[in-house]
Asks: 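Here it is, the structure in full.
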Amino acid sequence: MNSSAVSGPRILFRQIRQVMAGTGDAERRLQKIVRLIASNMIAEVCSCYLMRAGDVLELFATEGLKQEAIHHTRLRVGEGLVGDIAAHSRPLNLSDAQSHKQFAYRPETGEEIYHSLMGVPIMRGGRVIGVLVVQNRTMRHYTDEEVEALQTVAMVVAELISSEQMISSKELLDTAGNATTPHRVAGRVLADGLAVGYAILHEPHIIVRRTIAENTGEEVKRLNAAVDRLQDSIDEMLSDTDALFTDESRDIFEAYKMFAHDKSWLKRLADAVDSGLTAEAAIKRVQDDTRARMKKITDPYIRERLSDLDDLANRLFLHLEGTQGVDRQHLTADTVVIARNMGAAELLDYDRVHLKAVVLLEGTRSSHVAIVARALGIPVIGQCAEISDAVEEDDFILVDGENGQVFLRPGDDVIQVFEQSMRHREQRQAKYAALRDKRAISKDEKTITLSMNAGLLIDLDNFQEAGADGIGLFRTELQFMVRSQMPKVDEQTDLYTKVLDKANGRPVIFRTLDVGGDKALPYLQMKEEENPALGWRAIRIGLDRPALLKAQLRAMVRASVGRKLTIMFPMIAEVSEFIEAKSLLMKEIDREEKRNGGKPTEVKVGTMLEVPSIVWQLPHLLKVADFVSVGSNDLLQFYFAVDRGNARVTDRYDMLSSSFMSMLKYIVDECAKTDTPLSICGDVAGRPLEAMALLGLGYRNLSMSLEGVGPVKEMVRSADIGKVQDFLSVLCLSREKSAREQIRAFAKDHGIII
Ligand code: PEP
Ligand code: MG
């Protein structure tokens, strides 16, 4: 191979186009193409392996290897060098292939005389559909430019083998049509539920329908026009605050703006078109490069920037096509959105009627998108990275948000079983609905208060149906997060009034703004912090910027004139912080009374217990607080020092460990001494098994997300809490890293429905 081979893909493309336009049987044309590639790239071997059903790569055409190997040499994905390229969807470049640990010798090919090997995946819609390989006798190292050239050729081959004529070839039938094979992907349930719909890619794949340019001059014009439109649209977005709220934060757009004008990115695109590709193929080519670089880089900052570039390529593609992509507000069919990750606001951007489920490549249970999805009853499966290579736009999908599975293009048998699960689920929901007006009273006649966690007005509508006793946690920040600018006092007053009206006399606990950490407000300038969870957040912001907190307190006071007001503060770590925050509230109440002559009939001020330091100040805190509520999501995070948003560590420790449970028990005992109302409002309160343990520890007020209310009520009604309590008091004294299995066995033995 020499450098002219690299600068000459244009000639090769022209030759390939002639073959593609010609007549004759599909395989023979593929054979001609590998011969052209070998001669153009001065390689002694060029082989094309295509994916068959069952994830097997089969040799379909070769120049240089023995012809009798065609259709005989087969490698599973992950087997041999070819299988390795497919498994990792990335190129391999080896000067001595046979010494590589993955090398799998296939005698029928006669490949023992070839030492160097370079192979690239053939991709279609983000999926590997084959592998293209060149080999030489000498031990040579192919240059980066040569690898890039073969990748470009692989794009052309992808187009060829997916073309109609090729698909109609019997041999290639199940190859190019591979996208229709069913596929199951496992992930983690972030929001419960079952759903069926058609896939929409939040960040669409670029599907190139035409790879080789007919007229390069035309393609240059198309590319330039698309770049202009992209740059204009980013400028527009930057000046339009509403779009900032619905789409991305200003920072991201600022970065996009920089990249959209980045000379080296634009040059790479121009070079790709110059080499004979169409504008869309050039964008795809450059995007593939970015992705390959991304895979090698571990630095999170650089990865983040590369991922911006990746997204920018998608946007440029849409401008080229002259479309804006999917109209998220007006979907036409039941939809499952596939995204790398998503903010809560982006989720709310989708048409509520047709959005049935979300599958995230990343994401955790306590991320805001998951919290909002749970409020909306939309199942979410997270940590499902594998789906990105398997899914295509419009694929039919079943989302099993009970077992954390996603079925792509399922067969009839799977659909039937799934429909059965959906019917069962409906029956279960009907059973919970029948419990709606029943109280959560245990077998030994203990009454448990089951409240709901809310944050959106829609939660309040659901709350009527859920059969909850009140709102145990109203996360006010969600309303702030889904807006493009800071809501004014009047707007906040209006919102809190609606919340109280909808609660219709049932208790509501408002929590003041809990932002910072992972909850960013696009309009609140925050400095980048090394450790945001431990940084300037929640009450710390409220006390340092009292105007913000006072405005919110004022709105809450106004909304509660003539009725009861219950407020708690987030992330209190010191009693003095609570006293300071409470005094701001008292001043607001006085001020309002003097100005407008009204005040709440009763005021209760409490705090969340989310930071271990405040737990060790309970005897002091309980002298000044009217009530406390355990925020176990954060309390666990700080107790075990595990980032609640980091999927790698969140499951490392268990809330049902003796040590954590004894802290929870200590809180119960301290509150009992002063007769202080206590509740728990972290996610664990909504899971029947954990909730049963909480009852055993002495908790009587549980506040949870909507979907937890029915199952927890059923659990309470089937439990003898006195017995659970005896059992738990022993467990608290032991030294279990996790007592989960013992607790589960106890439930089973005592007929408690968990
Ligand atoms: C918690 O920390 O347990 C909690 C309920 O608050 P949030 O999840 O909003 O941080
Ligand atoms: Mg919290």
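Owing to the predicted nature of the structure, the values given are computational and were not obtained by experimental measurement. Any value given below was found using the heavy atoms of this structure, including those in side chains, with hydrogens, waters and symmetry copies removed. As the structure lists them, so they are numbered: ligands from 1, and atoms in each ligand from 1.
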Asks: Counting from 1, what ligand 1 atoms have a heavy atom of G682 closer than 4.0 Å?
Replies: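 Answer for ligand 1: 3 (O).
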Asks: Side-chain contact test, heavy atoms from C-beta onward, threshold under 4.5 Å: evaluate it for P711 versus P688 and give yes or no.
Replies: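 Result yes, sub-4.5 Å side-chain heavy-atom pair found.
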Asks: Would you indicate whether the side-chain heavy atoms of F638 and D634 approach each other to under 4.5 Å?
Replies: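 They are in contact (side-chain heavy atoms under 4.5 Å apart), so the answer is yes.
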Asks: By number and element, which atoms of ligand 1 are closer than 4.0 Å to a non-hydrogen atom of L473?
Replies: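 What qualifies from ligand 1 is 5 (C).
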Asks: Compute the shortest N/O to N/O distance between G631 and ligand 1 and return yes if it is under 3.5 Å, no if not.
Replies: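 N/O-N/O distance under 3.5 Å: yes.
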Asks: Looking only at N/O atoms, are R537 and ligand 1 under 3.5 Å apart anywhere?
Replies: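 No, R537 has no N/O under 3.5 Å of an N/O on ligand 1.
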Asks: Taking the side chain as every heavy atom from C-beta outward, state whether K356 and I378 have any atom pair closer than 4.5 Å.
Replies: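 When only atoms from C-beta onward are counted, I378 and K356 do not touch, as no gap falls below 4.5 Å.
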Asks: Which of the atoms in ligand 1, numbered in the order shown and given with their element, are less than 4.0 Å from a heavy-atom of R644?
Replies: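 Answer for ligand 1: 2 (O), 7 (P), 8 (O), 10 (O).
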Asks: Under the 6.0 Å and 45° cation-pi test, does R506 pair with F463?
Replies: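 So R506 does make the cation-pi contact.
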Asks: Rounded at 0.5 Å granularity, tell me how far OG1 in T476 sits from CD in Q492.
Replies: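 Answer rounded to 0.5 Å: 8.0 Å.
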Asks: Between N453 and S703, does a side-chain hydrogen bond (donor to acceptor under 3.5 Å, both in side chains) hold up when you go through it step by step?
Replies: CA-CA 6 Å; N453 293 345; S703 189; 2.6 Å; yes
Asks: Atom CE of M556 and atom CD of E592: how far apart are they, to the nearest 0.5 Å?
Replies: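 Reported to 0.5 Å precision, the distance equals 13.5 Å.
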Asks: Nearest non-hydrogen atom to atom 7 (P) of ligand 1 belongs to which of M608, E477, R475?
Replies: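 That would be R475.
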Asks: For the residue pair F640 and Y653, categorise the inter-ring angle as parallel (less than 30°), tilted (30 to 60°) or perpendicular (more than 60°).
Replies: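 Rings of F640 and Y653: parallel, as their planes differ by under 30°.
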Asks: Give the atoms of ligand 1, by number and element, whose distance to some non-hydrogen atom of D634 is under 4.0 Å.
Replies: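 Under 4.0 Å from D634, ligand 1 has these atoms: 1 (C), 2 (O), 3 (O), 10 (O).
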Asks: Once you restrict to heavy atoms under 4.0 Å, what part of D683 touches ligand 1? Side chain, backbone, both or neither.
Replies: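 Neither part.
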Asks: For Q637, is the nearest heavy atom under 4.0 Å from an atom of ligand 1?
Replies: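 Checking ligand 1 against Q637, which is what was asked, there is no heavy-atom contact under 4.0 Å.
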Asks: By residue and atom, what protein N/O/S atoms are less than 2.8 Å from the Mg ion (ligand 2)?
Replies: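 Counting only protein N, O or S atoms under 2.8 Å from the Mg ion (ligand 2), the list reads E610 OE2, D634 OD2.
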Asks: Quick one: sort the F746 and F727 rings into parallel, tilted or perpendicular, breaks at 30° and 60°.
Replies: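 Plane angle under 30°, so parallel.
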Asks: Before you tell me yes or no, could you show the steps for S679 and S629 under side-chain hydrogen bond (donor to acceptor under 3.5 Å, both in side chains), namely the whole-Å CA-CA distance, both residues' side-chain angles and the distance that decides it to 0.1 Å?
Replies: CA-CA 5 Å; S679 63; S629 186; 2.8 Å; yes
